[in-house]
Amino acid sequence: MAPFDFALDRELWRWVPDEVSLHLTRTPFVPVEVSLDLARLVSEHETLHEAVRALTAVAPEVVAYACTSGSFVGGVAGERAMCAAMTQAGELPSLTTSGALLEALREIGARRIAVVTPYTRSVTDSLEEYLGEAGMTVTGRAYLGLTRHIWKVPYRDVVDMARQAVVGATDALFISCTNLPTYDVIPQLEAELRMPVLSANQVTMWAALKAIGAQAVGPYQALLDPLARSGPAGMSVPPMGGPLPVTDQVVGSVIGAVESVESVVEEPEAALAGAAPPGADGEPADGLDPGFGTGVGEGPYLDDSGGPSPV
């Protein structure tokens, strides 16, 4: 289940193997922009209860709540309470995006995390607090300050933010928000940054499929392929931290994927979800706040600490 404004059904399917069926429902519409208030509204236990009950009609094996902010806004205890409420409502295993994130970070042995979000500063702060409560350190971050139509953000803006957020010794990069397209950009960023790159939709589908004994599909994604992050030909997270080594063999194995992704960056998944390009007169694309530019080719805002980007 996902918030009412979720627009990336097609991206979720890309991680799903052929033998698995995916079914989605949404929370009821509320006239609130993306914010901490909205995160709290779409994660109320009564709302979760109704969504889970709707899904049980198709007898699922696991239920996943695909919303990052809605599952980290209450902290670690709040996320656990959400899972318990969903499990009680449907009498089946349940998980959330933020819970899946922590599981994925443990899977790859990462504790120092760079964060990229499309959110406002207050929502991004809440994510950092959640990670801190779970024992993770945010080493750098970048964000866009958007409050609506997040699915229209192009891949190249995600790449720009990632480059700004990764500073110092970092074990992994996390791209937050299930409404932010990421599937095709993950291989490019892993090859360029030489570290595992996780995204909200990726960890959600990875954890949900893992819960039913299935494996998510996705080329050149370290979370999905242990060989891509360990052993003599892959990435490895040193026990005491430090830069992640990637051999020439690994770089060579992903170069084809990177080349294809670079072409995809020009026409991202978001365009297929209905994004409108900027007009010839230079006006911003529909749905992107003029205060944050067109969302095309503009980098994130940074603060004086070199990481977070206040707006």
Side-chain angles (χ1 to χ4, degrees), residues 1-6 8-9 12 15-16 20-28 30 34 36-108 110-111 113 115 117 119 123 126-136 174-179 198-216 223-224:
M1 56 185 166
F4 62 88
D5 64 344
F6 182 71
L8 300 184
D9 305 53
L12 290 184
W15 277 286
V16 180
V20 175
S21 182
L22 175 64
H23 305 270
L24 280 89
T25 191
R26 286 164 170 75
T27 61
V30 290
V34 178
L36 289 175
D37 287 340
L38 178 62
R40 296 184 183 102
L41 286 171
V42 297
S43 61
E44 291 178 345
H45 289 190
E46 183 178 350
T47 298
L48 300 176
H49 180 90
E50 294 303 316
V52 171
R53 291 297 298 273
L55 288 170
T56 55
V58 296
E61 296 177 65
V62 64
V63 169
Y65 178 57
C67 179
T68 325
S69 61
S71 52
F72 66 60
V73 69
V76 171
E79 189 277 332
R80 291 173 180 166
M82 290 175 66
C83 289
M86 291 189 293
T87 298
Q88 182 179 25
E91 298 183 351
L92 73 167
S94 303
L95 58 93
T96 74
T97 297
S98 295
L101 168 60
L102 298 185
E103 183 180 354
L105 291 173
R106 289 191 291 268
E107 174 75 11
I108 64 175
R111 300 186 66 85
I113 318 301
V115 170
T117 90
Y119 312 133
V123 181
S126 184
L127 171 58
E128 182 169 353
E129 290 166 5
Y130 173 80
L131 289 168
E133 187 181 352
M136 309 295 172
F174 174 58
I175 306 172
S176 190
C177 190
T178 56
N179 231 1
L198 309 180
S199 79
N201 283 333
Q202 179 204 47
V203 299
T204 303
M205 298 311 301
W206 168 80
L209 290 162
K210 181 182 176 184
I212 62 172
Q215 185 172 355
L223 175 64
L224 311 186

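Only a predicted model underlies this, so the values are computations on that prediction, with no experimental measurement involved.
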Any non-hydrogen side-chain atom of [X] less than 4.5 Å from a side-chain atom of [Y]?
{"X": "Gln202", "Y": "Ile175", "value": "no"}
{"X": "Val203", "Y": "Leu105", "value": "no"}
{"X": "Leu38", "Y": "Val30", "value": "yes"}
{"X": "Trp15", "Y": "Leu224", "value": "yes"}
{"X": "Val34", "Y": "Asp5", "value": "yes"}
{"X": "Val73", "Y": "Leu36", "value": "yes"}
{"X": "Glu44", "Y": "Thr27", "value": "no"}
{"X": "Leu223", "Y": "Glu107", "value": "yes"}

Worksheet entry | Derivation and outcome, side chain to side chain contact (heavy atoms under 4.5 Å, CB included), residues Leu101 and Leu131 | CA-CA 9 Å; Leu101 168 60; Leu131 289 168; 3.9 Å; yes

Fill in: Greater than 12 external heavy atoms within 6.0 Å of Gln215's CD
no

For residues 56-70, which side-chain N or O atoms pair as donor and acceptor with protein atoms under 3.5 Å away, sequence neighbours left out?
| residue | atom | partner | partner atom | Å |
| --- | --- | --- | --- | --- |
| Thr56 | OG1 | Arg53 | O | 2.7 |
| Tyr65 | OH | Val42 | O | 2.7 |
| Thr68 | OG1 | Cys177 | N | 3.3 |

Item to complete: Supply the atom-to-atom distance Asp9 CG to Leu22 CG, rounded to the nearest 0.5 angstrom.
Response: 8.0 Å

Item to complete: Classify the angle between the aromatic ring planes of Tyr119 and Phe72 as parallel (below 30°), tilted (30 to 60°) or perpendicular (above 60°).
Response: perpendicular

How close do [X] and [Y] get, counting heavy atoms only, and between which atoms?
{"X": "Ser43", "Y": "Met82", "result": "CB-CE, 3.7 Å"}
{"X": "Ser94", "Y": "Leu92", "result": "OG-O, 3.2 Å"}
{"X": "Pro28", "Y": "Thr47", "result": "CD-CG2, 3.8 Å"}
{"X": "Thr97", "Y": "Ala200", "result": "CG2-O, 3.6 Å"}
{"X": "Ala81", "Y": "His45", "result": "O-CE1, 3.7 Å"}

Response to the item:
Those residues at least two apart in sequence (or on a different chain) that pass side-chain contact (heavy atoms from CB on, under 4.5 Å) with Glu103 are Arg106, Trp206, Ala207, Lys210

Discussion item. When you measure from the side chain of Glu133 to the backbone of Val76, do you find a donor-acceptor pair of N or O atoms at a distance under 3.5 Å?
Written reply: yes

Worksheet entry | Residues Ser176 and Thr117: side-chain donor-acceptor under 3.5 angstrom | no

Worksheet, complete the sentence: Per side-chain contact (heavy atoms from CB on, under 4.5 Å), Met1 is matched among Met86, Glu50, Arg26 by Met86

